Number of protein chains: 2
Amino acid sequence: MTSSNRKKQPDFTLAGCGYSRVLDIISNKWTGLVIYALENGQIRYGEISRKVDGISKKMLTETLRKLERDGIVKRHITPVVPPIVDYSLTALGETLLEPMKELRQWGRTNYSEVEEARANYDRTLPERG
Amino acid sequence: MTSSNRKKQPDFTLAGCGYSRVLDIISNKWTGLVIYALENGQIRYGEISRKVDGISKKMLTETLRKLERDGIVKRHITPVVPPIVDYSLTALGETLLEPMKELRQWGRTNYSEVEEARANYDRTLPERG
DNA sequence: CTGCATCCAGCTAGATACTG
DNA sequence: CAGTATCTAGCTGGATGCAG
(Lines give C-alpha, C1' and ligand atoms only; values in the text may rest on other atoms or scores of the structure.)
Protein backbone atom coordinates (compact mmCIF):
# COMPACT_ATOMS: atom_id res chain seq x y z
CA MET A 1 0.00 0.00 0.00
CA THR A 2 2.44 2.59 -1.12
CA SER A 3 1.82 4.25 -4.42
CA SER A 4 -0.55 1.60 -5.60
CA ASN A 5 -3.42 2.79 -3.48
CA ARG A 6 -6.12 3.86 -5.85
CA LYS A 7 -7.48 7.27 -4.93
CA LYS A 8 -11.14 7.06 -4.19
CA GLN A 9 -13.31 8.86 -6.69
CA PRO A 10 -14.46 12.20 -5.42
CA ASP A 11 -18.22 12.23 -5.29
CA PHE A 12 -18.76 15.50 -7.08
CA THR A 13 -19.10 13.89 -10.44
CA LEU A 14 -22.41 15.52 -11.21
CA ALA A 15 -24.13 13.97 -14.17
CA GLY A 16 -23.13 15.33 -17.52
CA CYS A 17 -20.98 18.15 -16.29
CA GLY A 18 -17.60 18.13 -17.95
CA TYR A 19 -16.45 20.72 -15.48
CA SER A 20 -16.44 18.22 -12.66
CA ARG A 21 -14.20 16.03 -14.75
CA VAL A 22 -11.83 18.89 -15.29
CA LEU A 23 -11.87 19.78 -11.63
CA ASP A 24 -11.02 16.20 -10.89
CA ILE A 25 -7.87 16.81 -12.88
CA ILE A 26 -6.78 20.34 -12.14
CA SER A 27 -8.44 21.55 -8.97
CA ASN A 28 -5.86 20.63 -6.39
CA LYS A 29 -3.53 23.19 -5.00
CA TRP A 30 -0.59 22.72 -7.34
CA THR A 31 -1.70 20.99 -10.49
CA GLY A 32 -2.41 24.06 -12.55
CA LEU A 33 0.88 25.62 -11.65
CA VAL A 34 2.74 22.47 -12.58
CA ILE A 35 1.01 22.36 -15.93
CA TYR A 36 2.01 25.96 -16.57
CA ALA A 37 5.58 25.08 -15.68
CA LEU A 38 5.45 22.69 -18.62
CA GLU A 39 3.96 25.13 -21.08
CA ASN A 40 7.26 25.91 -22.76
CA GLY A 41 8.18 22.30 -23.36
CA GLN A 42 10.34 19.67 -21.74
CA ILE A 43 11.56 20.54 -18.29
CA ARG A 44 13.36 18.72 -15.51
CA TYR A 45 11.98 17.79 -12.13
CA GLY A 46 14.26 20.21 -10.35
CA GLU A 47 13.40 22.99 -12.76
CA ILE A 48 9.71 22.59 -12.09
CA SER A 49 10.47 22.56 -8.41
CA ARG A 50 12.14 25.93 -8.73
CA LYS A 51 9.57 27.35 -11.10
CA VAL A 52 6.64 26.39 -8.95
CA ASP A 53 8.06 28.09 -5.93
CA GLY A 54 6.98 26.70 -2.61
CA ILE A 55 5.95 23.25 -3.75
CA SER A 56 7.34 20.37 -1.72
CA LYS A 57 8.94 17.35 -3.33
CA LYS A 58 6.10 15.27 -2.07
CA MET A 59 3.45 17.38 -3.73
CA LEU A 60 5.44 17.81 -6.92
CA THR A 61 5.89 14.09 -7.30
CA GLU A 62 2.28 13.34 -6.45
CA THR A 63 1.02 15.98 -8.83
CA LEU A 64 3.24 14.79 -11.62
CA ARG A 65 2.18 11.18 -11.09
CA LYS A 66 -1.44 12.09 -11.19
CA LEU A 67 -1.03 14.11 -14.35
CA GLU A 68 0.95 11.32 -15.89
CA ARG A 69 -1.79 8.88 -15.05
CA ASP A 70 -4.35 11.23 -16.55
CA GLY A 71 -2.43 11.33 -19.79
CA ILE A 72 -1.69 15.04 -19.45
CA VAL A 73 2.02 14.74 -18.79
CA LYS A 74 4.79 12.57 -20.24
CA ARG A 75 7.72 11.37 -18.20
CA HIS A 76 11.09 10.67 -19.76
CA ILE A 77 13.94 9.09 -17.85
CA THR A 78 17.57 9.22 -18.86
CA PRO A 79 19.11 6.37 -16.90
CA VAL A 80 22.32 7.94 -15.77
CA VAL A 81 23.58 8.47 -12.25
CA PRO A 82 22.25 10.68 -10.90
CA PRO A 83 19.13 10.21 -13.00
CA ILE A 84 17.74 12.84 -15.34
CA VAL A 85 13.99 12.97 -15.50
CA ASP A 86 12.17 15.27 -17.89
CA TYR A 87 8.51 16.05 -18.03
CA SER A 88 6.47 17.51 -20.84
CA LEU A 89 2.86 17.89 -21.83
CA THR A 90 1.27 15.24 -23.99
CA ALA A 91 -0.85 16.22 -26.96
CA LEU A 92 -3.84 15.94 -24.67
CA GLY A 93 -2.10 18.11 -22.14
CA GLU A 94 -1.50 20.77 -24.76
CA THR A 95 -5.20 20.91 -25.50
CA LEU A 96 -5.93 21.35 -21.81
CA LEU A 97 -3.41 24.14 -21.58
CA GLU A 98 -5.44 26.35 -23.88
CA PRO A 99 -8.55 26.87 -21.76
CA MET A 100 -6.33 27.05 -18.70
CA LYS A 101 -4.43 29.91 -20.25
CA GLU A 102 -7.66 31.77 -20.73
CA LEU A 103 -8.52 31.24 -17.12
CA ARG A 104 -5.14 32.59 -16.12
CA GLN A 105 -5.65 35.54 -18.37
CA TRP A 106 -8.99 36.17 -16.75
CA GLY A 107 -7.28 36.22 -13.39
CA ARG A 108 -4.67 38.68 -14.57
CA THR A 109 -7.28 40.93 -16.06
CA ASN A 110 -9.91 40.79 -13.38
CA TYR A 111 -8.23 40.14 -10.10
CA SER A 112 -8.13 43.77 -9.06
CA GLU A 113 -11.86 43.95 -9.61
CA VAL A 114 -12.35 40.91 -7.42
CA GLU A 115 -10.23 42.48 -4.73
CA GLU A 116 -12.32 45.62 -4.89
CA ALA A 117 -15.49 43.61 -4.63
CA ARG A 118 -14.15 41.85 -1.57
CA ALA A 119 -13.11 45.06 0.13
CA ASN A 120 -16.46 46.58 -0.66
CA TYR A 121 -18.35 43.54 0.57
CA ASP A 122 -16.43 43.52 3.81
CA ARG A 123 -17.10 47.22 4.30
CA THR A 124 -20.84 46.92 3.80
CA LEU A 125 -21.25 43.61 5.58
CA PRO A 126 -23.18 45.04 8.55
CA GLU A 127 -26.04 45.95 6.21
CA ARG A 128 -26.82 42.35 5.41
CA GLY A 129 -28.88 40.45 7.90
CA MET B 1 -17.92 35.09 14.35
CA THR B 2 -20.45 33.83 11.93
CA SER B 3 -20.06 34.87 8.33
CA SER B 4 -17.77 37.75 9.10
CA ASN B 5 -14.72 35.63 9.66
CA ARG B 6 -12.20 36.59 7.05
CA LYS B 7 -10.89 33.53 5.25
CA LYS B 8 -7.14 33.41 5.57
CA GLN B 9 -5.33 33.83 2.28
CA PRO B 10 -4.19 30.55 0.84
CA ASP B 11 -0.43 30.60 0.44
CA PHE B 12 -0.33 29.47 -3.13
CA THR B 13 -0.39 32.93 -4.50
CA LEU B 14 2.64 32.43 -6.67
CA ALA B 15 4.00 35.69 -8.00
CA GLY B 16 2.39 36.91 -11.17
CA CYS B 17 0.26 33.90 -11.87
CA GLY B 18 -3.33 34.84 -12.53
CA TYR B 19 -4.22 31.21 -12.36
CA SER B 20 -3.68 31.10 -8.63
CA ARG B 21 -6.09 33.97 -8.31
CA VAL B 22 -8.67 32.13 -10.30
CA LEU B 23 -8.14 28.98 -8.29
CA ASP B 24 -8.67 31.02 -5.19
CA ILE B 25 -12.12 31.75 -6.57
CA ILE B 26 -13.27 28.61 -8.31
CA SER B 27 -11.20 25.67 -7.12
CA ASN B 28 -13.33 24.47 -4.26
CA LYS B 29 -15.55 21.51 -4.63
CA TRP B 30 -18.81 23.22 -5.56
CA THR B 31 -18.09 26.71 -6.78
CA GLY B 32 -17.85 25.91 -10.45
CA LEU B 33 -21.07 23.94 -10.39
CA VAL B 34 -22.89 26.75 -8.65
CA ILE B 35 -21.66 29.24 -11.24
CA TYR B 36 -22.96 26.98 -14.00
CA ALA B 37 -26.30 26.81 -12.24
CA LEU B 38 -26.47 30.54 -12.75
CA GLU B 39 -25.50 30.53 -16.39
CA ASN B 40 -29.06 30.90 -17.64
CA GLY B 41 -29.86 33.89 -15.51
CA GLN B 42 -31.61 34.58 -12.25
CA ILE B 43 -32.34 31.52 -10.19
CA ARG B 44 -33.62 30.84 -6.70
CA TYR B 45 -31.72 29.29 -3.85
CA GLY B 46 -33.82 26.16 -3.89
CA GLU B 47 -33.45 25.82 -7.64
CA ILE B 48 -29.69 25.90 -7.40
CA SER B 49 -29.90 23.37 -4.64
CA ARG B 50 -31.77 21.03 -6.93
CA LYS B 51 -29.64 21.76 -9.97
CA VAL B 52 -26.38 21.17 -8.16
CA ASP B 53 -27.40 17.79 -6.94
CA GLY B 54 -25.78 16.62 -3.77
CA ILE B 55 -24.76 19.97 -2.39
CA SER B 56 -25.72 20.60 1.22
CA LYS B 57 -27.39 23.80 2.30
CA LYS B 58 -24.32 24.64 4.25
CA MET B 59 -22.02 24.38 1.26
CA LEU B 60 -24.45 26.12 -1.04
CA THR B 61 -24.76 29.08 1.28
CA GLU B 62 -21.04 29.28 1.89
CA THR B 63 -20.29 29.05 -1.80
CA LEU B 64 -22.84 31.68 -2.68
CA ARG B 65 -21.53 34.03 0.02
CA LYS B 66 -18.00 33.67 -1.18
CA LEU B 67 -18.99 34.31 -4.77
CA GLU B 68 -21.02 37.28 -3.69
CA ARG B 69 -18.06 38.65 -1.83
CA ASP B 70 -15.87 38.11 -4.86
CA GLY B 71 -18.25 40.13 -7.00
CA ILE B 72 -19.14 37.14 -9.16
CA VAL B 73 -22.69 36.67 -7.95
CA LYS B 74 -25.53 39.07 -7.12
CA ARG B 75 -28.07 38.38 -4.41
CA HIS B 76 -31.60 39.72 -4.55
CA ILE B 77 -34.05 39.39 -1.70
CA THR B 78 -37.80 39.75 -2.03
CA PRO B 79 -38.90 40.38 1.54
CA VAL B 80 -42.00 38.27 1.70
CA VAL B 81 -42.79 35.38 4.00
CA PRO B 82 -41.39 32.94 3.27
CA PRO B 83 -38.56 34.90 1.67
CA ILE B 84 -37.62 34.70 -1.97
CA VAL B 85 -33.94 34.96 -2.70
CA ASP B 86 -32.63 35.04 -6.23
CA TYR B 87 -29.08 34.78 -7.38
CA SER B 88 -27.54 35.77 -10.69
CA LEU B 89 -24.14 36.39 -12.16
CA THR B 90 -22.74 39.89 -12.13
CA ALA B 91 -21.14 41.35 -15.24
CA LEU B 92 -17.83 40.17 -13.83
CA GLY B 93 -19.31 36.75 -13.26
CA GLU B 94 -20.42 36.57 -16.86
CA THR B 95 -16.87 37.20 -18.03
CA LEU B 96 -15.64 34.41 -15.80
CA LEU B 97 -18.24 32.06 -17.16
CA GLU B 98 -16.71 32.15 -20.63
CA PRO B 99 -13.35 30.51 -19.91
CA MET B 100 -15.10 28.15 -17.52
CA LYS B 101 -17.38 27.02 -20.30
CA GLU B 102 -14.37 26.19 -22.39
CA LEU B 103 -12.95 24.16 -19.56
CA ARG B 104 -16.22 22.31 -19.26
CA GLN B 105 -16.23 21.71 -22.97
CA TRP B 106 -12.73 20.35 -22.72
CA GLY B 107 -13.94 17.93 -20.12
CA ARG B 108 -16.83 16.79 -22.24
CA THR B 109 -14.61 16.31 -25.23
CA ASN B 110 -11.63 14.73 -23.60
CA TYR B 111 -12.77 12.88 -20.56
CA SER B 112 -12.91 9.53 -22.27
CA GLU B 113 -9.33 9.96 -23.34
CA VAL B 114 -8.37 10.72 -19.76
CA GLU B 115 -10.15 7.61 -18.60
CA GLU B 116 -8.31 5.56 -21.16
CA ALA B 117 -5.03 7.03 -20.05
CA ARG B 118 -5.81 6.15 -16.47
CA ALA B 119 -6.78 2.62 -17.28
CA ASN B 120 -3.68 2.21 -19.36
CA TYR B 121 -1.46 3.69 -16.68
CA ASP B 122 -2.89 1.39 -14.06
CA ARG B 123 -2.38 -1.60 -16.31
CA THR B 124 1.27 -0.82 -16.96
CA LEU B 125 2.08 0.41 -13.48
CA PRO B 126 4.26 -2.60 -12.58
CA GLU B 127 6.77 -1.57 -15.26
CA ARG B 128 7.64 1.64 -13.49
CA GLY B 129 10.22 1.67 -10.70
C1' DC C 1 19.03 14.37 -8.70
C1' DT C 2 14.70 12.29 -8.21
C1' DG C 3 11.55 10.23 -5.37
C1' DC C 4 9.20 7.51 -1.56
C1' DA C 5 7.62 6.80 3.44
C1' DT C 6 5.89 8.58 7.63
C1' DC C 7 3.89 11.64 10.76
C1' DC C 8 0.67 15.18 11.64
C1' DA C 9 -1.68 19.97 11.82
C1' DG C 10 -5.31 22.23 9.67
C1' DC C 11 -8.80 22.71 6.51
C1' DT C 12 -13.08 20.88 4.03
C1' DA C 13 -17.20 19.49 3.73
C1' DG C 14 -20.96 16.12 5.30
C1' DA C 15 -24.63 15.13 8.83
C1' DT C 16 -27.79 16.93 11.71
C1' DA C 17 -30.65 20.03 14.14
C1' DC C 18 -32.60 24.57 14.81
C1' DT C 19 -34.60 29.55 13.23
C1' DG C 20 -37.19 33.66 11.09
C1' DC D 1 -38.04 29.00 1.82
C1' DA D 2 -33.59 30.25 3.02
C1' DG D 3 -30.63 30.09 5.92
C1' DT D 4 -27.45 29.33 10.62
C1' DA D 5 -24.89 26.45 14.11
C1' DT D 6 -22.21 22.62 15.72
C1' DC D 7 -19.70 18.53 15.61
C1' DT D 8 -16.46 15.71 13.31
C1' DA D 9 -14.48 12.21 9.91
C1' DG D 10 -11.47 12.36 6.39
C1' DC D 11 -8.67 14.46 3.12
C1' DT D 12 -4.70 17.74 1.90
C1' DG D 13 -0.59 19.17 2.05
C1' DG D 14 3.75 20.51 4.86
C1' DA D 15 8.03 18.77 7.35
C1' DT D 16 11.40 15.56 7.68
C1' DG D 17 14.16 11.65 6.80
C1' DC D 18 15.66 7.83 3.94
C1' DA D 19 16.92 5.62 -0.76
C1' DG D 20 18.29 4.40 -5.58
Side-chain angles (χ1 to χ4, degrees), chain A residues 1-12 14 20 23-24 26-34 37 42-68 73 75-87 125 128-129, chain B residues 1-14 20 23-24 26-34 37 42-66 68 73 75-87 125 128-129:
Chain A
M1 52 294 304
T2 59
S3 63
S4 66
N5 62 343
R6 162 165 306 102
K7 283 279 179 63
K8 89 173 211 340
Q9 275 302 96
D11 40 66
F12 54 101
L14 303 198
S20 298
L23 265 197
D24 186 24
I26 67 166
S27 76
N28 85 73
K29 186 170 174 176
W30 300 105
T31 307
L33 271 0
V34 168
Q42 186 166 302
I43 180 175
R44 293 186 61 174
Y45 181 91
E47 295 288 334
I48 305 175
S49 187
R50 253 158 280 136
K51 205 160 179 175
V52 183
D53 195 59
I55 194 171
S56 64
K57 283 185 296 180
K58 177 192 169 193
M59 287 317 297
L60 180 50
T61 300
E62 273 182 22
T63 302
L64 250 10
R65 282 295 167 281
K66 183 169 187 304
L67 287 172
E68 193 190 354
V73 156
R75 183 165 178 266
H76 177 257
I77 315 170
T78 306
V80 293
V81 183
I84 294 175
V85 184
D86 294 286
Y87 292 90
L125 239 197
R128 292 192 72 260
Chain B
M1 56 291 293
T2 58
S3 62
S4 67
N5 61 344
R6 163 166 304 102
K7 285 278 178 62
K8 88 173 214 335
Q9 273 303 94
D11 39 68
F12 54 101
T13 311
L14 303 196
S20 298
L23 266 196
D24 186 24
I26 66 167
S27 76
N28 86 72
K29 185 170 176 178
W30 299 105
T31 306
L33 271 0
V34 169
Q42 188 166 298
I43 181 175
R44 293 185 59 173
Y45 182 92
E47 295 288 334
I48 305 175
S49 186
R50 254 158 278 135
K51 205 160 181 177
V52 183
D53 194 61
I55 194 171
S56 65
K57 283 185 294 181
K58 178 194 168 193
M59 288 317 297
L60 180 50
T61 300
E62 275 182 19
T63 302
L64 250 10
R65 285 292 169 281
K66 184 170 187 301
E68 194 191 353
V73 157
R75 183 166 178 264
H76 178 256
I77 315 170
T78 306
V80 293
V81 183
I84 296 175
V85 184
D86 295 288
Y87 291 89
L125 240 197
R128 295 194 71 262

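The shown structure was predicted, so the numbers you read here are calculated from the model rather than taken from an experiment.
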Chemist: Checking A:Ser49 now: which residues fulfil side-chain contact (heavy atoms from CB on, under 4.5 Å) with it, not counting sequence neighbours?
Modeler: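 side-chain contact (heavy atoms from CB on, under 4.5 Å) check on A:Ser49 returns A:Leu60.
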Chemist: Do B:Lys58 and C:dG14 have a side chain to base donor-acceptor pair shorter than 3.5 Å?
Modeler: yes
Chemist: Does A:Arg44 have any salt bridge (charged side-chain N to carboxylate O under 4.0 Å, His left out) partners at least two apart in sequence or in another chain, and if so, which?
Modeler: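 Testing A:Arg44 for salt bridge (charged side-chain N to carboxylate O under 4.0 Å, His left out), a comparison that skips the adjacent residues, returns none.
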Chemist: Looking at D:dG3, I'd like to know if its phosphate oxygens (OP1 or OP2) sit under 4.0 Å from a side-chain N or O belonging to B:Tyr87.
Modeler: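 Yes, because at least one side-chain N or O of B:Tyr87 sits under 4.0 Å from OP1 or OP2 of D:dG3.
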Chemist: Round to a whole Å and report the spacing from CD1 of B:Ile84 to P of D:dC1.
Modeler: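 These atoms are roughly 11 Å apart.
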Chemist: Is a donor-acceptor contact shorter than 3.5 angstrom present between the side chain of B:Lys57 and the base of D:dG3?
Modeler: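 Between D:dG3 and B:Lys57, which were checked side chain against base, a qualifying N/O pair under 3.5 Å is present.
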Chemist: Could you check how far CE of A:Met59 sits from P of C:dC7, rounded to whole Å?
Modeler: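 Rounded to whole Å, this separation is 19 Å.
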Chemist: For the pair made of CD in B:Glu62 and P in D:dG3, what is the distance, rounded to whole Å?
Modeler: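 Checked: the CD to P distance equals 13 Å.
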Chemist: With a 4.0 Å limit, can you tell me whether B:Arg44 has a side-chain N or O closer than that to the phosphate oxygens OP1/OP2 of D:dG3?
Modeler: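 So the side chain of B:Arg44 is outside the cut-off, no N or O lying under 4.0 Å from OP1 or OP2 of D:dG3.
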Chemist: To the side chain of B:Trp30, which of C:dG14, D:dC1, C:dG3 is closest?
Modeler: C:dG14
Chemist: Run the side-chain contact (heavy atoms from CB on, under 4.5 Å) test against A:Lys58 and tell me which residues pass, sequence neighbours left out.
Modeler: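 Only A:Ser56, A:Glu62 meet the side-chain contact (heavy atoms from CB on, under 4.5 Å) criterion with A:Lys58.
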Chemist: If the cut-off is 4.0 Å, is A:Arg65 near the phosphate of C:dC4, judged by side-chain N/O to OP1 or OP2?
Modeler: yes
Chemist: Would a 4.5 Å heavy-atom cut-off, applied to side chains only, mark B:Tyr87 and B:Val34 as touching?
Modeler: no
Chemist: Does A:Val81 have any side-chain contact (heavy atoms from CB on, under 4.5 Å) partners at least two apart in sequence or in another chain, and if so, which?
Modeler: none
Chemist: For A:Arg75 and C:dG3, is the shortest distance between a side-chain N/O and OP1 or OP2 below 4.0 Å?
Modeler: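 A:Arg75 to C:dG3 OP1/OP2: side-chain N or O found under 4.0 Å.
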Chemist: CG of B:Leu60 versus C1' of C:dG14: gap in Å, rounded?
Modeler: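 So the two atoms are 14 Å apart, to the nearest Å.
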Chemist: Please state how far atom CG in B:Leu64 lies from atom C1' in D:dA2, giving the value in whole angstrom units.
Modeler: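 Taking atom C1' of D:dA2 as the reference, CG of B:Leu64 is at 11 Å.
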Chemist: What residues form a side chain to side chain donor-acceptor pair (under 3.5 Å) with B:Asp86, not counting sequence neighbours?
Modeler: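 Result, side chain to side chain donor-acceptor pair (under 3.5 Å) vs B:Asp86: none returned.
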Chemist: Going from NZ on A:Lys29 to OG1 on A:Thr63, what distance comes out if it is rounded to the nearest 0.5 angstrom?
Modeler: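 Here the interatomic distance stands at 10.5 Å.
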Chemist: Specify the angle, to 10°, made by the local axes at the two ends of the helix from C:dC1-D:dG20 to C:dG20-D:dC1 when five pairs are taken at each end.
Modeler: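 The angle, to the nearest 10 degrees, is 50°.
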